[in-house]
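We use all heavy atoms of the structure for the numbers below, so side chains are in, but hydrogens, waters and symmetry mates are not.
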Amino acid sequence: MNDRFLRACRLEAVDATPVWFMRQAGRYMAEYRAMREKYTLLEICDRPEAAAEVTLQPVRAFGVDAAILFADILLPLVPMGIKLEFAKGEGPVIHNPVATAADVQALSLIDARDALHNVMEALSIVKREIAGKTPLIGFAGAPFTLAAYLIEGGSSRSFTKAKRMMYEAPEVWHALMDKLATVVSGYLVAQADAGADVVQLFDSWVGALSPEDYAEYAQPYSKRILDAVKKRGIPSIHFGTESATLLHLMSAAGGDVLGLDWRTDLEGGWNSVGKGKGVQGNLDPVVLFAPRPEIERRVKAILAKAANRNGHIFNLGHGILQQTPEDNVRAVVEMVHELSAR
Ligand code: CP3
């Protein structure tokens, strides 16, 4: 077993720094684009064999130290009663956004084990293929980020509708977050049971919140989920972006490893997280478009900040971008392993 990723999650010594990439399966890969000729994104997610195949593509192609299940953070919302579409060029669109107490009431409190059994089956297939070779990461969206999509109906810049609900109708907001926390806790525990070795909680839009609002409107729900995962006995990674001012609160909510985006200095960010935890990150995804010597200079800079301390997982500061050259992804994996060999 290549266990350097799992060892880093547990803050144990490693032979070299582990590396994987958020959104490592996707449109920048020719193999994935070929799959998308046949199926839509949601169709791939719904077909366990296809989802498993896409999960394995970057593992075979680049030798990353972990596989991440191919799915989407918005997937659990569908059996909850949400009409979701990935519109071309627009990102996700929700056709029946949540606005009122009745809308929250109408969302089904699903049991993810049944409602998302295709995801569980995809995990089992991947697990069978890579058992004893590469660790497998499961994931879910954090309640704040999911609620933001549910209320805004899609992506947003200012999150005006979501924040108005917090400020105008806090009881409706809290009822929604409570429901999401219950579903996501069950979903992640079910993923662990189906074979995920580690799970990552994506709070991608958390940086929209002030520390006070995060503490009141989001943190308790993320904490409930990360407590449930801890109780299940597997490590977790807690990720957000534009989260520099929130890291101490996110760390307090839970996670063995905290994700850092590229706007955060790795050393300073690790101090905010607390040295008893690991960190993951934090190369700017756009650096993968730079000339090779510039990529190497920046990979070295991150490794220098981490100083071979136990608990560093190399990753980007956010998801890999669509036009990223595949050769540069492979090169970064090799650089990280060579430059960090103990
Ligand atoms: O990491 C992986 O390889 C696993 C697969 C994965 C996807 N989405 C597949 C996907 C993961 C981990 C996600 C998480 C996700 N989805 C997040 C959190 C991570 C982040 O980037 O902040 C968010 C916010 C979403 C919601 C979402 N899904 C958006 C905003 C989009 C559109 C983005 C775009 O680039 O168009 C998606 C669609 C999506 N999910 C794609 C993939 C590969 C691209 C669409 C396609 O293939 O048609």
Side-chain angles (χ1 to χ4, degrees), residues 1-3 5-6 9-10 18 20-26 29 31-32 35-36 39-62 64-80 84 110-142 146 180 182-202 225-226 228-239 255-257 259 280 313 315 319:
M1 176 75 151
N2 167 6
D3 68 348
F5 169 74
L6 293 176
C9 289
R10 297 191 296 249
W20 69 281
F21 302 95
M22 289 181 279
R23 310 285 288 265
Q24 67 189 9
M29 288 190 77
E31 274 181 283
Y32 176 79
M35 184 75 96
R36 286 281 277 103
Y39 304 121
T40 66
L41 172 66
L42 286 174
E43 283 168 350
I44 297 175
C45 295
D46 218 33
R47 288 171 160 73
E49 294 286 347
E53 169 57 26
V54 172
T55 301
L56 293 168
Q57 285 171 353
V59 179
R60 294 192 197 112
F62 310 124
V64 287
D65 295 302
I68 179 162
L69 170 73
F70 191 82
D72 194 89
I73 61 165
L74 303 177
L75 221 51
L77 303 180
V78 175
M80 291 179 79
L84 171 69
I110 55 164
D111 177 348
R113 225 172 280 269
D114 305 325
L116 295 153
H117 63 92
N118 287 355
V119 172
M120 304 308 149
E121 202 178 321
L123 279 164
S124 316
I125 295 170
V126 175
K127 189 68 181 178
R128 219 182 306 131
E129 296 274 328
I130 59 170
K133 283 182 277 181
T134 309
L136 174 57
I137 305 170
F139 71 91
L146 294 178
L180 289 169
T182 301
V183 167
V184 171
S185 299
Y187 185 38
L188 288 179
V189 169
Q191 289 185 45
D193 293 345
D197 298 296
V198 173
V199 292
Q200 175 157 329
L201 190 66
F202 283 95
I225 294 164
L226 293 163
V229 172
K230 195 180 178 72
K231 208 166 150 219
R232 173 58 183 71
I234 63 166
S236 62
I237 304 170
H238 189 184
F239 168 79
D256 300 281
V257 176
Q280 174 171 280
I313 298 165
N315 203 314

From CD (E129) to OG (S124), nearest 0.5 Å: 12.0 Å

For K133, does its backbone N or O pair with a side-chain atom of N2 as donor and acceptor, under 3.5 Å? no

Interatomic distance, OG1@T134 vs CH2@W20, rounded to 0.5 Å, equals 13.5 Å

Give, for atom CG of D111 and atom OH of Y187, the distance between the pair rounded to the nearest 0.5 Å. 12.5 Å

Under 4.5 Å between any side-chain heavy atoms of P58 and E31, yes or no? no

Indicate yes or no: at least one non-hydrogen side-chain atom of I125 is less than 4.5 angstrom from one of E53. no

Show the numbers, then the answer: is there a side-chain contact (heavy atoms from CB on, under 4.5 Å) between Q200 and V257? CA-CA 9 Å; Q200 175 157 329; V257 176; over 6 Å; no

Determine the minimum heavy-atom distance between F5 and D65, stating which atoms define it. CB-O, 3.6 Å

Student check: side-chain heavy atoms of L116 and I110 closer than 4.5 Å: yes

Pair Y32 and F70, ring centroids less than 6.0 Å apart: yes

Are L188 and L226 packed together at the side-chain level, in the sense that at least one heavy-atom pair is separated by less than 4.5 angstrom? no

More than 12 non-hydrogen atoms from neighbouring residues, nucleotides or ligands closer than 6.0 Å to CD on E49, yes or no? no

Quick one: are I137 and L69 in side-chain contact, heavy atoms under 4.5 Å? no

When every non-hydrogen atom of G141 is compared with those of L146, the smallest separation belongs to O-CD1, 3.5 Å

From the options P235, P135, S236, P18, select the one residue that forms a side chain to side chain contact (heavy atoms under 4.5 Å, CB included) with C9. P235

Closest non-hydrogen contact found for G255 with H238 is CA-CB, 4.2 Å

Roughly how far apart are I130 CD1 and M1 CE, rounded to 0.5 Å? 7.5 Å

On a heavy-atom basis, the closest approach of A52 and A122 is CB-O, 4.1 Å

Would you say R36's side chain and Y39's backbone share a donor-acceptor pair under 3.5 angstrom? yes

Give the minimum heavy-atom separation between F202 and F239, together with the two atoms involved. CD2-CD2, 3.5 Å

Between CG on residue N315 and CZ on residue F21, distance to nearest 0.5 Å: 7.0 Å

Sort out for me which residue in V199, D256, V184, V198 forms a side chain to side chain contact (heavy atoms under 4.5 Å, CB included) with V229. V199

State, with a plain yes or no, whether a side-chain heavy atom of D197 is found less than 4.5 Å away from one of L6. yes

Which value, rounded to the nearest 0.5 Å, describes the distance between R128 atom CZ and L136 atom CG? 12.5 Å

Which residues satisfy the side-chain hydrogen bond (donor to acceptor under 3.5 Å, both in side chains) test with R232, sequence neighbours excluded? D193

Might you work through the side-chain contact (heavy atoms from CB on, under 4.5 Å) test for L180 and L77, ending with a clear yes or no? CA-CA 9 Å; L180 289 169; L77 303 180; 4.1 Å; yes

Looking only at non-hydrogen atoms, find the nearest pair between A228 and V189 and report the distance. O-CG2, 4.0 Å

